[in-house]
**Student:** 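Could you have a look at this structure, given as structure tokens, before my questions?
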Amino acid sequence: MRNVRVFEEAWPLHTPFVIARGSRSEAKVVVVELEQDGVKGVGECTPYPRYGESIASVMAQIVSIGEQLERGLTRDALAELLPAGAARNAVDCALWELEAGLANATIPAMLHQTLAKTITTAQTVVIGTPEQMAASAKALFEGGARLLKVKLDDRLIAERMVAIRAAAPEATLIVDANESWHGEGLAARCQLLADLNVAMLEQPLPATDDSALENFIHPLPICADESCHTRESLPALHGRYDMVNIKLDKTGGLTEALALAQEARAQGFALMLGCMLCTSRAISAALPLTPQVTFADLDGPTWLAVDAEPALHFTTGQLHL
């Protein structure tokens, strides 16, 4: 029998995190702890209102399979009980860690992987005035970040991006509009970003309205985030997207994330690895995907005033293992 604990945590941010959907001042997570034979496996998820999730709904999902977890539920069986999403992610990652601990191994070793000692991660420039965003980009680049992820909404796009590029002329820029744009004017905006040497545009249109992406030749790669959750998402993405952003909170854990990565690459998509606002626990769970991705956006814990222990070691723009 296993001991099962499910609990919520709130982690204050040191700076408000502002995107097209609003501003956040804390990261609210749900944690699952599984203990068996003196070995503990821990998983964390960030419930996301965009996907109809809340702390309460996610905890209820996990509690609903509590008896099965106590009796030895496997990762394969988990996928039959819970849909892809935050709740399954926390449980799946806890099961991976427990399995590795019982085998006296690491998860990368179980997957026959050797991870890089240093991983380049994007650092996020949140929405503000053009001057604020330019100052943030400049400070991040001077601090060591070489990959900047710029959050945009539907306003001041040219003003913000021109200011940021002038402030950090040598940085690699990727842009995330979080579904805030519309089909009208999209081609011109994409051309503007291409002219500013932006490396990739993430989810410009609502997932329910991304058919407009088929109507023009992309002058820069476009990445699916909200439009891509699991392998089942892939057929609809052809002709619209060039890349997919894999997040464990969308896939329902590392098990499906690895399968999605393999299938997406086989179908010709490039890969990005993303995260929610989270602690180092959630980033650690996603690390086995890092060898396959073009861009890693793993800066969630760097927004926290205090991180969970054991905390990963971040410097500006890099994760050191």
**Student:** Which pairs pass ring-ring contact (aromatic ring centres under 6.0 Å, His included) with one or both residues in residues 59-111, sequence neighbours excluded?
**Tutor:**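 Output for this query is empty, none listed.
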**Student:** Identify the two heavy atoms, one from Y241 and one from A224, that lie closest to each other, and give their separation to 0.1 Å.
**Tutor:**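 Looks like CD2-N, 3.3 Å.
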**Student:** Relative to the ring of W303, is the ring of H14 parallel (under 30°), tilted (30 to 60°) or perpendicular (over 60°)?
**Tutor:**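 Aromatic pair H14/W303 classed parallel.
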**Student:** State whether E53 and K28 are salt-bridged, where the test is any N-O pair (Lys NZ or Arg NE/NH1/NH2 against Asp/Glu carboxylate O) under 4.0 Å.
**Tutor:**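 Salt bridge between E53 and K28, a charged N being under 4.0 Å from a carboxylate O: no.
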**Student:** Under a 4.0 Å threshold between the charged nitrogen and the carboxylate oxygen, would E179 count as salt-bridged to R50?
**Tutor:**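 E179 and R50: salt-bridged.
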**Student:** Please give me the minimum heavy-atom distance between P204 and L186, naming the atom from each residue.
**Tutor:**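 Result for this residue pair: CB-CD1, 4.0 Å.
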**Student:** Grab the two heavy atoms, one from L115 and one from P288, that are nearest each other, plus how far apart they are.
**Tutor:**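 Answer, listing the atom of L115 first, then P288: CD2-CA, 4.3 Å.
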**Student:** Is the side chain of D249 donor-acceptor paired with the backbone N or O of C45 at a distance under 3.5 Å, no angle test?
**Tutor:**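 Side chain of D249 to backbone of C45: no pair is present.
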**Student:** Under 3.5 Å, which donor-acceptor pairs link side chains of residues 141-148 to any protein atom two or more places apart or in another chain?
**Tutor:**
{"from": "E142", "atom 1": "OE2", "to": "K138", "atom 2": "NZ", "distance (Å)": "2.9"}
{"from": "R146", "atom 1": "NH1", "to": "F141", "atom 2": "O", "distance (Å)": "2.8"}

**Student:** Closest heavy-atom contact between G317 and Q123?
**Tutor:**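 In this case the closest contact between G317 and Q123 is N-OE1, 2.9 Å.
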**Student:** Please check if the side chain of S280 supplies one atom and the backbone of A311 the other of a donor-acceptor pair under 3.5 Å.
**Tutor:**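 Checking the backbone N and O of A311 against the side chain of S280, no donor-acceptor pair under 3.5 Å is found.
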**Student:** Do the non-hydrogen side-chain atoms of C190 and P219 ever get within less than 4.5 Å of each other?
**Tutor:**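 Yes, their side chains come closer than 4.5 Å.
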**Student:** Would you give the length of the straight line joining atom CZ of F314 to atom CD1 of I119, rounded to the nearest 0.5 angstrom?
**Tutor:**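 So the gap between those two atoms works out to 9.0 Å.
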**Student:** Run the side-chain contact (heavy atoms from CB on, under 4.5 Å) test on L173 and N197 for me, step by step, so that the C-alpha distance in whole Å, both residues' side-chain angles and the decisive distance to 0.1 Å come before the verdict.
**Tutor:** CA-CA 8 Å; L173 301 181; N197 199 27; over 6 Å; no
**Student:** Taking it one step at a time, do N178 and K151 satisfy side-chain contact (heavy atoms from CB on, under 4.5 Å)?
**Tutor:** CA-CA 8 Å; N178 284 113; K151 292 287 191 177; 3.1 Å; yes
**Student:** Check whether any side-chain N or O of D242 sits under 3.5 Å from a backbone N or O of I222 as a donor-acceptor pair, and report yes or no.
**Tutor:**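 At least one qualifying donor-acceptor pair exists.
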**Student:** Report yes or no: do L220 and V293 belong to one cluster of Ile/Leu/Val/Met/Phe/Trp/Tyr joined by side chain heavy-atom distances under 4.5 Å?
**Tutor:**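 Hydrophobic grouping puts L220 with V293.
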**Student:** For the residue pair K250 and S233, establish whether any side-chain heavy-atom pair is separated by less than 4.5 Å.
**Tutor:**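 No, side chains not in contact.
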**Student:** Which pairs, with at least one residue in residues 304-316 and sequence neighbours excluded, count as a salt bridge (charged side-chain N to carboxylate O under 4.0 Å, His left out)?
**Tutor:**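 Listed by first then second residue: nothing to list.
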**Student:** Other hydrophobic cluster members with V63, side-chain heavy atoms of Ile/Leu/Val/Met/Phe/Trp/Tyr under 4.5 Å, chained?
**Tutor:**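 V63 clusters with nothing; isolated.
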**Student:** If you define the side chain from C-beta out and look only at heavy atoms, does anything of L287 sit under 4.5 Å from L273?
**Tutor:**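 No - every pair of side-chain heavy atoms lies 4.5 Å or more apart.
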**Student:** Are any of the side-chain heavy atoms of L321 and T118 separated by less than 4.5 Å?
**Tutor:**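 They are not in contact (no side-chain heavy atoms under 4.5 Å apart), so the answer is no.
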**Student:** If I take atom CG from residue L193 and atom CD1 from residue I157, how far apart are they, to the nearest 0.5 angstrom?
**Tutor:**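 Between L193 CG and I157 CD1, I get 8.0 Å after rounding to 0.5 Å.
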**Student:** Distance from E232 atom CD to L260 atom CG, nearest 0.5 Å?
**Tutor:**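 Atom-to-atom, E232:CD and L260:CG are 11.0 Å apart.
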**Student:** Enumerate the salt bridge (charged side-chain N to carboxylate O under 4.0 Å, His left out) contacts for residues 190-219, please, sequence neighbours excluded, ordered by first and then second residue.
**Tutor:**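 The answer is K149-E202, D210-R240, E214-R240.
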**Student:** Between R2 and D37, is there a salt bridge with N-O shorter than 4.0 Å?
**Tutor:**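 No.
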**Student:** Please check if the side chain of T124 supplies one atom and the backbone of V126 the other of a donor-acceptor pair under 3.5 Å.
**Tutor:**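 Checking the backbone N and O of V126 against the side chain of T124, no donor-acceptor pair under 3.5 Å is found.
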**Student:** With sequence neighbours excluded, tell me which residues meet ring pair (Phe, Tyr, Trp, His ring centres under 6.0 Å) with H182.
**Tutor:**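 Not a single residue meets the ring pair (Phe, Tyr, Trp, His ring centres under 6.0 Å) criterion with H182.
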**Student:** Show the nearest heavy-atom pair for residues L192 and A158, with the distance to one decimal.
**Tutor:**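 L192 and A158 have their closest heavy atoms at CD2-CA, 3.7 Å.
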**Student:** Going by heavy atoms in the side chains, are C278 and P301 under 4.5 Å from each other?
**Tutor:**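 Yes, side chains in contact.
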**Student:** Please lay out, stage by stage, how D154 and R189 fare under the test salt bridge (charged side-chain N to carboxylate O under 4.0 Å, His left out).
**Tutor:** CA-CA 10 Å; D154 202 33; R189 289 179 174 183; 2.5 Å; yes
**Student:** Verify the cluster assignment for V244 and L289: are they in a single hydrophobic cluster under the rule of side-chain heavy atoms below 4.5 Å apart?
**Tutor:**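 V244 clusters together with L289.
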**Student:** Could you tell me whether the side chain of L201 reaches within less than 4.5 Å of the side chain of C223, counting heavy atoms only?
**Tutor:**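 In short, these two side chains do not touch, never coming nearer than 4.5 Å.
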**Student:** Is V91 isolated, or which residues cluster with it under the ILVMFWY side-chain rule of less than 4.5 Å, directly or via members?
**Tutor:**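 Once heavy-atom contacts under 4.5 Å are chained together, V91 belongs with V4, V6, V30, V32, L34, V39, I55, V58, M59, I62, I65, L69, L73, L78, L81, L82, L95, L98, L102.
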**Student:** Taking only residues two or more places apart in sequence, or in another chain, which ones meet Y51 in a ring pair (Phe, Tyr, Trp, His ring centres under 6.0 Å)?
**Tutor:**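 If we apply the ring pair (Phe, Tyr, Trp, His ring centres under 6.0 Å) test to Y51, skipping adjacent residues, the hits are Y48, H229.
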**Student:** Pair V31, E8 - check side-chain contact (heavy atoms from CB on, under 4.5 Å), show working.
**Tutor:** CA-CA 6 Å; V31 182; E8 63 178 294; over 6 Å; no
**Student:** Would a single hydrophobic cluster contain both V198 and V162, if residues Ile, Leu, Val, Met, Phe, Trp and Tyr are joined by side-chain heavy-atom contacts under 4.5 Å?
**Tutor:**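 In one cluster: yes.
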**Student:** Enter the distance from Q203:CD to S180:OG here, rounded to the nearest 0.5 Å.
**Tutor:**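 Here the rounded value is 10.0 Å.
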**Student:** Taking side chain to side chain donor-acceptor pair (under 3.5 Å) as the definition, give me every residue that meets it alongside R160, ordered by chain and number, with sequence neighbours left out.
**Tutor:**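 Partners of R160 by the side chain to side chain donor-acceptor pair (under 3.5 Å) criterion, ordered by chain and then number, come out as D153.
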**Student:** Would you indicate whether the side-chain heavy atoms of V150 and D176 approach each other to under 4.5 Å?
**Tutor:**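 A side-chain contact under 4.5 Å is absent here.
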**Student:** Do you reckon M133 sits in the same ILVMFWY cluster as L140, going by side-chain contacts under 4.5 Å, direct or chained?
**Tutor:**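 Hydrophobic grouping puts M133 with L140.
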**Student:** Checking E9 now: which residues fulfil side chain to side chain donor-acceptor pair (under 3.5 Å) with it, not counting sequence neighbours?
**Tutor:**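 Once residues adjacent in sequence are excluded, the partners of E9 under the side chain to side chain donor-acceptor pair (under 3.5 Å) criterion are W11, R281.
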**Student:** Go through it in stages, so that I can follow the logic: the residues are I174 and M272, the test is side-chain contact (heavy atoms from CB on, under 4.5 Å), and I'd like the CA-CA distance, side-chain angles, deciding distance and then a yes or no.
**Tutor:** CA-CA 11 Å; I174 55 181; M272 177 179 182; 4.0 Å; yes
**Student:** Is any side-chain heavy atom of K247 closer than 4.5 Å to one of D225?
**Tutor:**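 Yes, close enough: below the 4.5 Å cut-off.
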**Student:** Do T121 and Q318 pair up side chain to side chain, a donor and an acceptor below 3.5 Å, judged on atom types alone?
**Tutor:**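 Result is no, nothing qualifies.
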**Student:** Output the distance between atom NE2 (H112) and atom CE (M110), rounded to the nearest 0.5 Å.
**Tutor:**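 Answer rounded to 0.5 Å: 9.0 Å.
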**Student:** Write down the atom of T230, the atom of A84, and the distance for their closest heavy-atom approach.
**Tutor:**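 Scanning both residues completely, I find the closest heavy atoms to be CG2-CB, 3.5 Å.
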**Student:** So which pairs with a foot in residues 97-123 pass salt bridge (charged side-chain N to carboxylate O under 4.0 Å, His left out), sequence neighbours left out?
**Tutor:**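 Applying salt bridge (charged side-chain N to carboxylate O under 4.0 Å, His left out) to every pair that reaches into residues 97-123, excluding sequence neighbours, yields R75-E99.
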**Student:** Spell out, as yes or no, whether a donor-acceptor pair under 3.5 Å connects the side chain of S64 to the backbone of Q61.
**Tutor:**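 Checking the backbone N and O of Q61 against the side chain of S64, a donor-acceptor pair under 3.5 Å is found.
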**Student:** Please check this pair: side chain of R165 against backbone of L196, looking for a donor-acceptor N/O pair closer than 3.5 Å.
**Tutor:**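 The answer is yes, because a donor-acceptor pair under 3.5 Å joins these two groups.
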**Student:** To the nearest 0.5 angstrom, please state how far the CZ atom of F269 sits from the CE atom of M243.
**Tutor:**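 So the gap between those two atoms works out to 11.5 Å.
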**Student:** Once salt bridge (charged side-chain N to carboxylate O under 4.0 Å, His left out) is applied, what residue pairs with a partner in residues 252-266 remain, sequence neighbours excluded?
**Tutor:**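 Every salt bridge (charged side-chain N to carboxylate O under 4.0 Å, His left out) pair that includes a residue of residues 252-266, provided the two are not neighbours, is R231-E256.
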**Student:** Could you tell me whether the side chain of S23 and the main chain of V18 form a donor-acceptor pair under 3.5 Å?
**Tutor:**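 No; judged by distance alone, with no hydrogens or angles, the pair does not exist.
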**Student:** E44 and T279: side-chain donor and acceptor closer than 3.5 Å?
**Tutor:**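 T279 and E44 do have a side-chain donor-acceptor pair below 3.5 Å.
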